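First up is the structure itself, then whatever we jot down about it.
Fair warning: this is a prediction, and the values are worked out from it, not measured in the lab.
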Amino acid sequence: MKQQDVFQSFCRLMSAHLLLVVLSISGTKYVQANDSATGATENPGVVAFTQGRYQEAEDYFSQQLANPVQKNDSLIYLSRIAVDTGKIEIAVEHIEAALTQEPNTAEEIVLSGDIYCNQAQQSSMFSALGLAKKCIAQYEAAVNQFPENTHALVSAMRFYFEAPGFAGGSSKKGDELLARLDKLSPEDANIYRVFLLEKEGKSDAAMALADKLSQQQFQSARNQYELARFYRDKKQLAHAMPLYESLRNKPTTLENKWYVNDSLLQLGEILLAEKQHIRRSIELMEEYKQKNNNPHDQHYFWSSWSLAQAYKANGNNDKYAQLVKQIQAEDYKKNPEFTKRFEAGIKAH
C-alpha cells in the first residue's frame, strides 16, 4: 500500500476515533463535579453548549475569561465549541491557553490530544504526522499523570490500536493499556474488545462476548450505545433494539445526554429499515428532533433524511418534500458521505 493510502486510512480511523472520544467527553472540572441533571445545568453557558446553541455559549464563556476563577473552565468550553463548529485552529489556541494554567485535569489533557488528532485530519501529510505524535503525547501524559483515569486509558489505547506504526500506533502498547483497563473498568475493556475481535476477523468470538455483555447492567451509557451499534451494524436488530429501548428511558445527565437522545433516532431508523410500525418510527424520530436539532451534530442531516423517508413510507409526500427542501436549503455538502447517500436517495424516490 502506498504511504499516501496508508495515511488516508489513518485519517479515516482517527476521524472515527475522534468522533467517539469527543462524544464521550463529559466536560470540564465544573461538569465532572456535577454529573447529574441538576447542578452543572444551572450554568447558562453549559446549558447553551449542551443544547447546541454555540454562539450563545461562546458569548457566555468569552465574558467569563476575565474571571480568574472561571477562566480555565471557560477556555476548555471555548475549545470544545470550536471543535464542534469546525474552527480547529481556534480550538488549539484555547486548549493550549488552558494548559498553561496548572494544575491540569485528565479531561483537559485528553481533550488537547483529541484536538491535535482533529487538527491532523485537516493538515498536510507532513504536518499531520507531527500532530499525530502530539496527540498521542498528550494521551500518554494523561495516562502517566492520572494512571487510574479510564478516559485517558481508553483514548491512548484506541490510538495505539487504530493508528499505523509510522504515526505512533503500537498493538503491543495497546495490549498493555487494555490489560490495565481490564482491572480498572472491565466494562470499558470488554466493549472495546468486542470491536477489536471483529476487526481481527474473529466474528464469532466478538458476537459471543457481545451476547454476554448484553445480559449485564451497564455503568456507562456510551458503552451500552456502542454495544447496540455493534449489533445494528451486524444486522442483529432484535438484539440492538432492547439496548436502545433501555437506554432511551434512562434519566439524562450531561455525560449521557447525547447517547440517551440518539437512541430515539436509532430505534426510529431500525423500525423504518424493517418497514414495520412506520408511524412509531416517525414518532421516535420527531421526539429525537425535539431533543436534538443541533445543526452541528453529526446526525443532524441524517436524522432529517431518515424522517423524510419515514413520512414517504407512510404516504405523506408533502412532509417528505418539505424535509427534503429543508435539507437542500442548508449546508449539507460539508458531509461527503451524507451528500452521496442523500442525493442518490432523492433520485431513487
Side-chain angles (χ1 to χ4, degrees), residues 1-3 5-24 114 117 132 135-136 139-140 143 150-247 259 262-263 266-267 269-270 273-274 298 337:
M1 182 181 291
K2 295 180 180 178
Q3 189 178 39
D5 294 335
V6 172
F7 177 69
Q8 289 174 346
S9 176
F10 160 69
C11 284
R12 289 193 294 270
L13 286 169
M14 291 310 300
S15 179
H17 159 64
L18 177 67
L19 177 62
L20 291 173
V21 172
V22 169
L23 290 176
S24 67
D114 297 338
C117 277
C135 171
I136 188 54
Y139 293 155
E140 289 174 338
V143 169
T150 57
H151 185 187
L153 276 174
V154 169
S155 297
M157 179 189 70
R158 284 178 171 165
F159 185 101
Y160 285 134
F161 276 128
E162 296 170 12
F166 71 84
S170 167
S171 58
K172 180 180 179 180
K173 290 183 178 179
D175 285 332
E176 291 172 357
L177 292 186
L178 183 58
R180 288 173 59 178
L181 192 62
D182 264 321
K183 297 177 181 179
L184 287 174
S185 177
E187 179 179 298
D188 281 306
N190 282 322
I191 288 295
Y192 189 79
R193 191 172 277 113
V194 168
F195 290 94
L196 190 60
L197 287 168
E198 181 69 21
K199 180 182 176 182
E200 293 172 349
K202 302 174 183 177
S203 295
D204 290 343
M207 186 61 70
L209 179 56
D211 289 343
K212 180 180 178 181
L213 293 172
S214 68
Q215 302 304 312
Q216 301 174 3
Q217 291 293 321
F218 286 88
Q219 300 298 313
S220 163
R222 179 181 64 82
N223 287 335
Q224 184 171 338
Y225 181 94
E226 285 301 300
L227 189 61
R229 182 173 67 88
F230 170 79
Y231 279 127
R232 179 176 173 173
D233 290 347
K234 297 289 287 184
K235 309 300 182 184
Q236 299 291 321
L237 303 184
H239 289 78
M241 288 190 69
L243 291 170
Y244 284 130
E245 191 66 48
S246 169
L247 187 57
Y259 302 102
D262 204 73
S263 63
Q266 301 304 318
L267 284 167
E269 288 186 335
I270 287 173
E274 291 186 325
Q298 74 222 15
E337 179 61 24

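Here the closest non-hydrogen pair linking Ser185 and Thr150 is CB-CG2, 3.8 Å. Across every non-hydrogen atom of Ala167 and Phe159, the tightest pair is O-CZ, 3.4 Å. A pairwise comparison of heavy atoms in Ala189 and Asp182 identifies CB-OD1, 3.3 Å as the closest pair. The minimum heavy-atom distance linking Leu197 with Ala206 is given by the pair CB-CB, 3.8 Å. Residue Leu247 comes nearest to Gln224 through the heavy atom pair N-NE2, 3.4 Å, listed as atom of the first residue, atom of the second, then distance. Contact record, Val143 with Ala152: CG2-O, 3.5 Å, taken as the closest heavy-atom pair.
Counting heavy atoms from C-beta on, the side chains of Glu198 and Lys234 come closer than 4.5 Å. Using a 4.5 Å heavy-atom cutoff, the side chains of Leu243 and His239 are not in contact. In this structure the side chain of Val194 never reaches within 4.5 angstrom of the side chain of Met207, judged on heavy atoms. Residues Cys117 and Tyr139 form a side-chain contact, since some pair of their non-hydrogen atoms from C-beta on lies under 4.5 Å apart.
Looking only at distances, no side-chain donor or acceptor of Gln266 sits under 3.5 Å from a matching main-chain atom of Tyr244. Between the side chain of Ser246 and the backbone N or O of Pro242 there is no donor-acceptor pair closer than 3.5 Å. When atom types are taken as modelled, the side chain of Glu226 and the backbone of Ile191 share no donor-acceptor pair closer than 3.5 angstrom.
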Practice task
Please assess Leu153 against Leu178 for the test side-chain contact (heavy atoms from CB on, under 4.5 Å), listing each intermediate value before the final yes or no.
Solution key: CA-CA 8 Å; Leu153 276 174; Leu178 183 58; over 6 Å; no
Practice task
Would you please test Glu140 and Tyr160 for side chain to side chain donor-acceptor pair (under 3.5 Å) and show each step?
Solution key: CA-CA 10 Å; Glu140 289 174 338; Tyr160 285 134; 2.3 Å; yes
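Between Phe161 and Tyr192, a ring centre-to-centre spacing shorter than 6.0 Å is recorded.
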Mind listing the side-chain donor-acceptor pairs of residues 211-219 below 3.5 Å, one per line with the distance, residues two or more places apart or on another chain?
from   : atom 1 : to     : atom 2 : distance (Å)
Asp211 : OD1    : Tyr231 : OH     : 2.6
Ser214 : OG     : Asp211 : O      : 2.7

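To the nearest 0.5 Å, atoms CG (Leu227) and CZ (Arg222) are separated by 12.0 Å. Leu209 CG to Lys202 NZ: the interatomic distance, rounded to the nearest 0.5 Å, is 12.0 Å. Note that the CG atom of Leu177 and the NZ atom of Lys172 stand 12.5 Å from one another [nearest 0.5 Å].
A salt bridge links Arg232 with Glu269: the closest approach of a Lys/Arg side-chain nitrogen to an acidic carboxylate oxygen falls below 4.0 angstrom.
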